[in-house]
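Each remark here refers to the structure printed beneath this line.
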Amino acid sequence: MAAGEPYARARPWRPGRRIAGRTIALAVALLIAALLAALAVAGQRFPTTGSAALDIAHLLRMSALQAGLSTILSLIAGMLLAWSLDRLRFSGRGFVVGLLSTALVLPSLVVISGLIAIWGRNGWVNFIFTPLGLSSGSMIFGLGGILAAHVLLNGALAARVFLDRLEAIPPEKLKLGRSLGLSPLRRLAIIDLPALASSVPGVGATIFLLCFTSFPIVLVLGGGPANQTLEVAIYESVRLDFDLGRAVVLALVQLLACAAIIIPATRFAPISTLFGRRSLLHWPDRGFTATLQWIVLVILLALFIFPLLAVLARGLGPAMVSVLQRDAFWQATATSLTLGSLSAFLAVALAVGLGMSRALEPANAPARALLGLPVFAYLAVPAVVLALGFFLLARLLFIPTGIAAPIVLVIANALLALPFAFAILSPPLEALAKRNEKLIRSLGLSGRDQWTRIEWPLLGRPAGYALAVSFVFSLGDLGVISLFGTADFSTLPWLMYRAFGAYRTQDAEAIAALLLILSLAAFLAIPKLLEVLTNARNR
Amino acid sequence: MVRFITTSLVAVALGAFALPAHAQQSPTLTVYTYDAFAASWGPGPALKEGFEAQCGCTIDFVAADSSIGALRRAQLEGETTSADIILGLDTATIGEGMATGLFTEHGLKFDGLDIPLDWADPVFAPVDYGYFAFVYNTEDLRDPPSSFEELAGMPADFKIVIQDPRASTPGLGLVLWIKAAYGDRAIEIWQGLAPNVLTVTNSWSESYDLFLSGEADMVLSYTTSPAYHIIAEDDHRFAAAKFEEGHYTQIEVAGVLASSPNQDLARDFLAWLASPEAQAVIPTTNWMYPVVEPEGGIEPGFEEMIDPSPALLLDAELVTANTRAWIDEAFSALR
C-alpha cells in the first residue's frame with residue numbers, strides 16, 4: 001500500500017510554481033485585454049475622417065498563404081541545416097551556430113537591405129550573371145521576396161532550436177544506435193525525428209505567427225497592395241484614418257485567426273526528450289550522406305550568410321568612423337544595451353515561471369494550453385496596436401511619456417521575446433521534471449532544492465540561448481519605440497531609422513552593420529557566460 | 001561580474017533617461033514635429049537657438065515618427081498634451097488636422113511670401129514648401145520620361161519606387177498629383193504605371209534607399225532632393241525629371257493648439273518662422289524651399305533644381321472629402 005503511493009501522484013505538488021505560472025499567464029492575458037480596451041475606449045472619443053475600403057477575407061487569405069508557405073519552408077530549411085550541422089565538424093562551427101541565431105532578431109530593414117544587395121537588380125548575383133546574359137531582374141520583389149526574407153529569418157531560428165534538440169540526444173542512445181549499425185535514414189527516423197518532434201509545434205506556431213503578422217518585409221518586398229496582410233491593414237486604420245475602433249476589430253480578427261493555429265499547437269503534448277549537457281559523443285555519417293550534408297550546409301549557409309555579409313560590406317565604410325564619433329550613437333547604444341538586458345532577464349524569468357508551472361501539468365490537461373496561450377497571443381497583437389495601447393495606458397495611469405518609455409519598452413520587448421524564450425525553455429524543463437520526478441519525490445526535495453540542484457545546473461545552455469534571443473530581439477525592436485522614441489530617447493534601430501529618413505543612408509548602413517556585429521557578439525558571449533556560471537556550481 | 005555589469009548598465013540608463021530640467025521661470029514652448037525636423041541635422045536646433053535668443057523662453061522640439069504621428073499623439077493626449085504647436089502637417093493633411101478640432105486660429109497675416117499662392121489659411125501657418133518629383137540618376141538614365149503618360153509607357157523593366165499614400169506624405173502627394181493633372185483619367189495613369197511600380201514602401205526613406213542602391217530607375221521624392229546630393233555630398237549625378245503636366249505642391253505648415261497656455265508666444269514663434277532669418281535655416285537642413293527668400297538668397301545649388309511650373313495644388317476641402325476614394329482608386333489599379 002505504502003509502496004504504491006509514490007506512483008499514484010508521481011509529480012510533486014508545488015503550489016508556488018503553479019501559482020507563479022498562472023499569475024504570469026493571467027497577467028499577460030489581462031495586459032492584452034487592457035491594451036485593446038484602452039484603444040477601443042479611445043476610439044469612441046475621436047471622430048474618424050473616413051476609412052478606405054477593405055476586403056478582410058482577401059487579407060486573411062493572403063496572410064495565411066504567405067505565412068503557411070513561409071513556415072513550411074522555414075521548418076524544412078531549419079531541419080536540413082540542423083541535421084548537417086549536427087553531423088559535421090569544422091573550424092568556425094561555433095561561430096556559424098552563433099550567426100544562425102542573429103538573423104531572426106535583426107531589424108527587418110537590415111535583412112531586407114541585405115537580401116536586396118544580393119538578389120536585387122543591382123545585386124551581387126546579377127553582377128556575376130548579367131555578363132553571362134542571365135539576369136534575375138527584380139525577382140526579389142513580390143511573394144518570392146517575402147518568402148525569401150521570412151525563410152532567412154525563421155529558418156535560422158528553426159535550425160538553431162533543432163540543433164539544440166539534436167545535441168541534447170543522450171550519448172547512450174547514440175551508442176546504442178551506432179552498435180545496432182543504423183543506416184543514416186533509419187537513424188534519422190528512429191533517433192533524430194522523435195527528438196525534433198517536441199519542438200516542431202512550438203517553433204512552427206511561432207514562425208507562423210511571425211510571418212502572419214509580418215509588417216515591414218511584406219510592405220517593402222511585397223511590391224504593393226497586391227501582397228497585403230492584415231497587419232498592414234491595421235496599421236493603415238490607425239495611421240491615416242485613425243479609426244481606432246476598427247483597428248481593435250481587425251486586431252481581434254487577427255487574434256482569432258492566430259488562435260486557430262496556436263491552440264492546436266500548444267495542446268499538442270511535447271514528447272519529453274531527455275535533456276543533458278552537450279553530448280560529447282560525435283557520431284558522423286559517412287560516404288554519400290556526409291557529402292550530401294556538406295552540400296546542404298554550403299548552399300543553405302551561403303543563402304543565409306551572403307545577405308548578412310552584404311550588410312557588413314555596405315556598412316563598413318567611412319561613415320562608420322563618423323557614426324562612432326557621435327555622442328548620440330553611444331547614448332543610443334547604452335540605452336539599447338540596458339533595455340535589452342533588462343527585458344532579456346524579464347523574458348527568461350517569465351519563461352522559466354511558465355515552463356515550471358506547465359511541467360507540473362499532466363499531458364493533455366487544459367491548463368497546459370491555458371498557460372501557453374497568452375504568451376503567443378501577445379505575438380498576434382499588431383505592434384502598432386500594442387504601442388498605442390501602452391501609450392494610452394501610461395496616460396491613464398498619469399505616467400509622463402518620458403518616464404513610461406523605458407518601462408514600456410522593457411515590458412513590451414520582454415513579452416515579444418517571451419514566446420521564443422518559452423519555446424526554448426519549456427521542453428527542457430518538462431524533460432527534467434519527468435526524468436527526475438522519482439528522485440525528487442524519494443529525496444523529498446523542496447521546490448527550491450529542485451531548482452538549485454537539478455534544474456539550474458542543467459538549464460545553463462538553453463537559458464543562455466533564451467537570454468541571448470531575448471536580448472537581441474529587444475536590441476532590434478523598431479515597433480514599440482516608434483511611438484515613444486524622441487530625439488533624446490533613442491535606441492540603435494531607431495537611430496538607424498532616423499538616419500534613413502534624412503538622406504543619411506550611409507550612416508544608417510553603418511549602424512545596421514554595428515547592430516549586426518553587436519547581435520552576433522551577444523549570441524556568442526551570453527550562452528558561454530551562462531554555461532560557465534551554471535557549471536561552476538557543479539564542480 | 002554579471003551583477004557589476006548590470007548595475008553599471010542601469011546607471012548609464014538612468015543617466016540617459018534623465019529628463020531635461022525645466023526649472024527656469026521662463027515659459028517653454030513645446031513643438032511636436034516629425035523626426036527629421038527635430039533631429040540634430042534638421043532645422044530644429046538652429047531654429048531653437050535663433051528664437052530662444054530673442055524670446056526669453058525655451059523651445060522644446062518633440063519628435064514623432066511622422067507629422068501625422070505627431071498629430072495623433074497630441075490627439076491621444078487630449079487636453080493634457082504638453083504640445084503648444086504641431087509642425088509638419090502639409091497642404092494634403094490640413095483637413096485631417098482640422099478634423100481633430102485641436103487647433104486655434106493664428107491671427108497672423110502672411111503677405112508677400114514666395115510661395116505659389118496667396119496664403120489665407122486662418123489656422124495653419126506656412127513653414128516651408130516643395131514640389132513632388134521623380135528623381136533619377138543622370139548617369140544611368142539619359143532620357144527620362146517627361147510626363148506621366150511617357151512614364152506609363154515605359155517598358156516593364158523600367159522600375160519606379162513610390163510610397164504608401166496612407167503612411168507617407170509624398171505617397172499621398174502622388175495620388176493628388178495624378179488627380180490634379182488628369183482628373184477622371186487618373187485611373188488610366190495608375191493602370192499604366194502599375195507594371196513599372198517595383199514596390200510601394202511605407203516611408204520615403206525606404207524608397208529612397210532602394211533607389212540609391214540601384215534597384216529602381218526613379219523614385220518619388222522632391223524636386224529639391226538633388227540639392228542635398230549637390231550641397232551635402234558634392235555629388236552631381238542626381239536630377240528630378242521635369243513633367244510637362246507640372247508638379248504638385250507641398251506646403252508644410254504649423255498650427256497652435258487650443259489647449260496651449262502659451263498661445264501668444266506660440267503665435268510669435270509662427271510669425272518668426274516665416275521671417276527671412278528663420279527661413280535661412282530651411283534649405284540646407286530640411287532640403288525644401290523657404291517661404292520667404294532669406295537675405296543673400298537661397299543656397300547655391302538650389303538654382304540648379306528644375307522649374308516645377310505649372311505648380312499644381314488641389315483645394316484642401318476637396319482633398320479631405322476625397323482622399324480615401326482617390327487612394328482606393330489608385331490601389332485598385334495597382335492590385
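In what follows, chains are A, B, ... by sequence order, proteins preceding strands, each numbered from 1.
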Quiz prompt | Between B:Ser221 and B:Trp204, a side-chain donor and acceptor under 3.5 Å | solution =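 Distance-only check passes for B:Ser221 and B:Trp204.
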Quiz item: Between the side chains of B:Thr30 and B:Ser82, is a donor N or O closer than 3.5 angstrom to an acceptor N or O?
Solution: no
Quiz item: Do the ring centers of B:Tyr208 and B:Tyr228 come within less than 6.0 Å of each other?
Solution: no
Quiz item: Does B:Glu299 reach the side chain of B:Ile282, with side-chain heavy atoms less than 4.5 Å apart?
Solution: no
Practice problem: Side chain from CB out, backbone as N, CA, C, O: work out which of these in B:Asp217 comes under 4.5 Å of a heavy atom of chain A, or both, or neither. | Solution: both
Quiz item: For B:Leu71, is it the side chain, the backbone, both, or neither that has a heavy atom closer than 4.5 Å to a heavy atom of chain A?
Solution: neither
Quiz item: Quick one: what part of A:Leu392 sits under 4.5 Å from any heavy atom of chain B, side chain, backbone, both or neither?
Solution: side chain
Quiz prompt | Segment of A:Leu244 engaging chain B (4.5 angstrom heavy-atom cut-off) | solution =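 For A:Leu244, the side chain is the part near chain B, not the backbone.
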Quiz item: Hey, does the side chain of B:Thr33 reach the backbone of B:Ala63 with a donor-acceptor pair shorter than 3.5 angstrom?
Solution: no
Self-check item: Residue, of B:Ala232, B:Ser66, B:Ala194, that accumulates the most heavy atom pairs under 4.5 Å with chain A
Solution: B:Ser66
